[in-house]
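Heads up: the structure comes next, in structure tokens.
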Amino acid sequence: LHRLFALDAVAAGFVALIAMLALVGGLRLDVGRLNEIGPGLFPISLALVLLALSLVLAVVTVAKHLTDANFRLTFDVRAVVGIVGALLVFGVLMRGTFGLPALGLTGATPLAILMAGTASPETRWLHLVALAIGLTAFCTTLFRYLLGLPIPVAPWLIGY
Amino acid sequence: MDLVQNLAHGFSVALSVQNILLVFVGCLVGTLIGVLPGVGPIATIAMLLPITYGLEPASALIMLAGIYYGAQYGGSTSAILVNIPGEATAVVTTLDGYQMARNGRAGAALGIAAIASFIAGTVTTVFVAALGAPLTKLGQLFGAADYFSLMLLGLIFAVVLARGSLLKALIMITLGLLLSTVSPDGNTGQERLSFGIPALSNGIDFAVLAMGLFGIAELLRSLENPEARDVIKGQIGSVLPSMAEIKQSLKAIFRGIGLGTVLGALPGNGAVLAPFASYALEKKTAKDPSRFGRGAIEGVAGPEAANNAGAQAAFIPLLTLGIPPNAVMALMIGAMTIHGIVPGPQVMTRNPDLFWGMIASMWIGNLALLVINLPLVGLWVKLLKVPYRLMFPAILAFCCIGVYSINNQVSDVMLTGFFGLLGYLLLKFGYELAPLLLGFVLGGFMEDTFRRALDLSHGSLMTFVERPVSLGLLVFAVVVLVIAALPSIAVRRDEAFKE
């Protein structure tokens, strides 16, 4: 069935979902009055406008018969998992979230790079390991020691 | 004369040994990151923002200007050498720049891009300096209602100037505005739309959103469609264009500057349109339009000049009114705020060093580009030959560290991943991401000014039409929107963007 929908109809549906989510979150907020507008006025009215616009987009698409039987929406799951996963790896290992050890820059960077490697079928692992080591050394020197940014380097080993 | 005096003051700030060094280093690293295919100025600046944190405000912004010009030039370099634009505005450069490179004139294409940018930068620096003081005075006369209407006009411009469907651009702007309300309420400080997630309780950091949408989403897109990356083989050739080529380009450059300055000073990111407009103009006025698309040097010189002039003129609304007309300027605002400078018309009087120093540094940034980057072209070529399978993990690592060091928050890194995913989906659905970012940037300002305007008018919405400036701006916005939606114009608009 999903092939019957044109891209724009799916696009409209996606935005409509976001608008409804915002509405659910926004309805708890007070709208206030015009001479004292409340926290909810902007979120709620913008969510409503967004919902209305997405409906218009859906209606226009359907009314113009912009349906395409060959329409297919594909996603590169491998790339998404690899890249978003790499950000998560960096995020959780940097300071040790969710009970994981805090590895700091020297641990989180190479592991994130290796995780990113899974995103592409072309990855050559030996090269990637070399890159991970080299880049970690470079970034640690640059960001921590040359620029003096307060990034933990290896808390488990040297205490900062 | 005031202008000369002010510029001289600016140069006295910008020309300290430290600041010259900073602008050069900024230019160098900006190019280094910006030359990576698919990494445009927005992602580059967001990534490098942290390295300016330890500096004095004026020095930090001066270095950022260097990074900006470097990133911009890096984008043109990858457009010319590998046919992959770093961002939307470099698309035009791929048309004739890449063809020139294939004809063995890669060096000349890179050279004219830098020279055109430099000339544009020089002219526009004077222009910005000349307009700075009077427009700031004008800005001081603006009330809250006028500001609100001006930003609304800016958003309408952004919708009209966006590529593709007007409706979809409108949707993206609204989504951006909505995302900006994920923030504590300006009056009560009450958390809004955070859904109990601690990372959202203080709002979404602009750099995080920008990096997700323009860094990560772009990575995902490149991984999915591995473009043939034919780095130009063989000789790059001399980076100095021949006299004949310079002569051919000169008029195009000045026409490009004119277009870029006017469009760039508009509040709604008009700068993105400048290179397209310049290319179309050059093609139309050329004696032999068929040369375009086959390596016509005017097709590189004009758009590059327009691009740079537009980018620089975009500083006008930022410096004089405190309104960022595009995403790069929003990053500049972010940088100013971090250093405790409140953007707005008062910057010129309260921080004259910063105001005039920044204007002067634009010119120095352009000069640095010419002096250090052109001789280094060989290095950029080598960098572009690094296979993407090694490049993308490196880009990712820089994104991670850059985002983390903005607030030293790991939750920012994870949010970046989330917005990367969101951006990837939106791109899949055929949405443009630039209007979203602009909506997000202006959202907070708009809510503030709306609230203040209503406070002043005791809750009367009539204030927006009773104040003449506000009324004029609103009428202008409606006219622009109606004209763009007219069927005959809509068709022509589609054609203009196809070129």
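Here is the naming used below: chain letters follow the sequence lines, and residue numbers restart at 1 for every chain.
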**Message:** To the closest 0.5 Å, what do you measure between CG (B:Leu390) and CZ (A:Arg124)?
**Reply:** 8.5 Å
**Prompt:** In terms of heavy-atom pairs under 4.5 Å with chain A, which of B:Tyr431, B:Phe398, B:Phe429, B:Phe450 leads?
**Reply:** B:Phe429
**Message:** Just verifying a value: how many Å separate A:Phe14 CZ and B:Leu175 CG, rounded to the nearest 0.5 Å?
**Reply:** 8.5 Å
**Contact class of A:Thr109 relative to chain B, heavy atoms under 4.5 angstrom** = side chain
**Prompt:** Would you say the side chain of B:Leu396 lies within less than 4.5 Å of the side chain of A:Leu87, judging by non-hydrogen atoms?
**Reply:** yes
**Prompt:** Nearest 0.5 Å, what's the OG-CG distance between A:Ser54 and B:Leu170?
**Reply:** 11.5 Å
**Contacting region of A:Leu149 [heavy-atom separation from chain B under 4.5 Å]** = side chain
**Message:** So which residue, A:Leu88, A:Thr123, A:Leu142, A:Val80, ends up with the most heavy-atom pairs under 4.5 Å with chain B?
**Reply:** A:Val80
**Message:** Give me the atom names and distance for the closest heavy-atom approach of B:Arg389 to A:Glu122.
**Reply:** CD-O, 3.1 Å
**Prompt:** When you look at CD of B:Glu466, are more than 12 heavy atoms from neighbouring residues, nucleotides or ligands closer to it than 6.0 Å?
**Reply:** yes
**Shortest non-hydrogen contact from A:Pro43 toward B:Leu178** = O-CD1, 3.5 Å
**Prompt:** Is the shortest heavy-atom distance from the side chain of A:Leu34 to the side chain of B:Ser460 under 4.5 Å?
**Reply:** no
**Closest heavy-atom pair and its distance - B:Phe392, A:Ala116** = CE1-O, 3.1 Å
**Expected output: side-chain B:Lys168 to main-chain A:Ala12 donor-acceptor under 3.5 Å** = no
**B:Glu224 CD: over 12 foreign heavy atoms closer than 6.0 Å** = yes
**Item:** Proximity breakdown for A:Thr74 and chain B, heavy-atom pairs closer than 4.5 Å
**Value:** both
**Donor-acceptor under 3.5 Å (B:Arg192 side chain, A:Leu29 main chain)** = no
**Item:** Closest non-hydrogen atom pair between B:Leu223 and A:Ala119, with its separation
**Value:** CD1-CB, 3.8 Å
**Request:** Tell me, with the steps shown, if B:Tyr404 and A:Phe143 meet side chain to side chain contact (heavy atoms under 4.5 Å, CB included).
**Result:** CA-CA 11 Å; B:Tyr404 172 77; A:Phe143 289 103; over 6 Å; no
**Message:** How about CZ on A:Arg78, more than 12 heavy atoms from neighbouring residues, nucleotides or ligands closer than 6.0 Å, or not?
**Reply:** yes
**Message:** Are B:Leu177 and A:Phe42 packed together at the side-chain level, in the sense that at least one heavy-atom pair is separated by less than 4.5 angstrom?
**Reply:** no
**Request:** Name the region of A:Pro150, side chain, backbone, both or neither, that has any atom closer than 4.5 Å to a heavy atom of chain B.
**Result:** both
**Prompt:** Is the shortest heavy-atom distance from the side chain of A:Arg95 to the side chain of B:Asn408 under 4.5 Å?
**Reply:** yes
**Asked** Quick one: what part of A:Leu114 sits under 4.5 Å from any heavy atom of chain B, side chain, backbone, both or neither?
**Response** neither
**Asked** Between atom CG of B:Leu193 and atom CZ of A:Arg28, what is the distance when rounded to the nearest 0.5 Å?
**Response** 8.5 Å
**Asked** In terms of heavy-atom pairs under 4.5 Å with chain B, which of A:Leu105, A:Leu131, A:Val84 leads?
**Response** A:Leu131
**Minimum heavy-atom distance A:Pro39-B:Thr188, with the two atoms named** = CG-OG1, 3.9 Å
**Fill in**
Whatever's closer than 4.5 Å to a heavy atom in chain B on A:Leu146 counts as neither
**Item:** Heavy atoms from other residues, nucleotides or ligands near OH of A:Tyr145 exceed 12 (cutoff 6.0 Å)
**Value:** yes
**Asked** Between CG of B:Leu220 and CG of A:Asp76, what distance do you get to the nearest 0.5 Å?
**Response** 8.0 Å
**Request:** Mind ranking B:Leu219, B:Leu422, B:Ile171 by heavy-atom pairs under 4.5 Å with chain A and telling me who comes out on top?
**Result:** B:Ile171
**Message:** Walk me through whether B:Thr174 and A:Val15 qualify under side chain to side chain contact (heavy atoms under 4.5 Å, CB included).
**Reply:** CA-CA 10 Å; B:Thr174 315; A:Val15 172; over 6 Å; no
**Prompt:** Passes side chain to side chain contact (heavy atoms under 4.5 Å, CB included), B:Lys428 versus A:Leu7? Steps please.
**Reply:** CA-CA 9 Å; B:Lys428 279 274 166 183; A:Leu7 177 67; over 6 Å; no
**Request:** Carefully, step by step, assess B:Ser405 and A:Ile151 under the rule side chain to side chain contact (heavy atoms under 4.5 Å, CB included).
**Result:** CA-CA 7 Å; B:Ser405 47; A:Ile151 308 174; 4.3 Å; yes
**Options B:Val182, B:Ile173, B:Ile216, B:Thr416, ranked by heavy-atom pairs under 4.5 Å with chain A, top entry** = B:Ile216
**Item:** Other residues, nucleotides, ligands: >12 heavy atoms within 6.0 Å of A:Ile158 CD1
**Value:** yes
**Message:** For chain A, which candidate among B:Glu447, B:Arg451, B:His458 shows the most heavy-atom pairs at distances under 4.5 Å?
**Reply:** B:Glu447
**Message:** Are more than 12 heavy atoms, taken from residues, nucleotides or ligands other than A:Phe138, located less than 6.0 Å from that residue's CZ atom?
**Reply:** no
**Asked** Can you name the nearest heavy-atom pair linking B:Pro393 to A:Leu128, along with the distance?
**Response** CG-CD1, 3.6 Å
**Prompt:** Of the backbone (N, CA, C, O) and the side chain (C-beta and beyond), which part of A:Leu135 lies under 4.5 Å from a heavy atom of chain B, both, or neither?
**Reply:** side chain
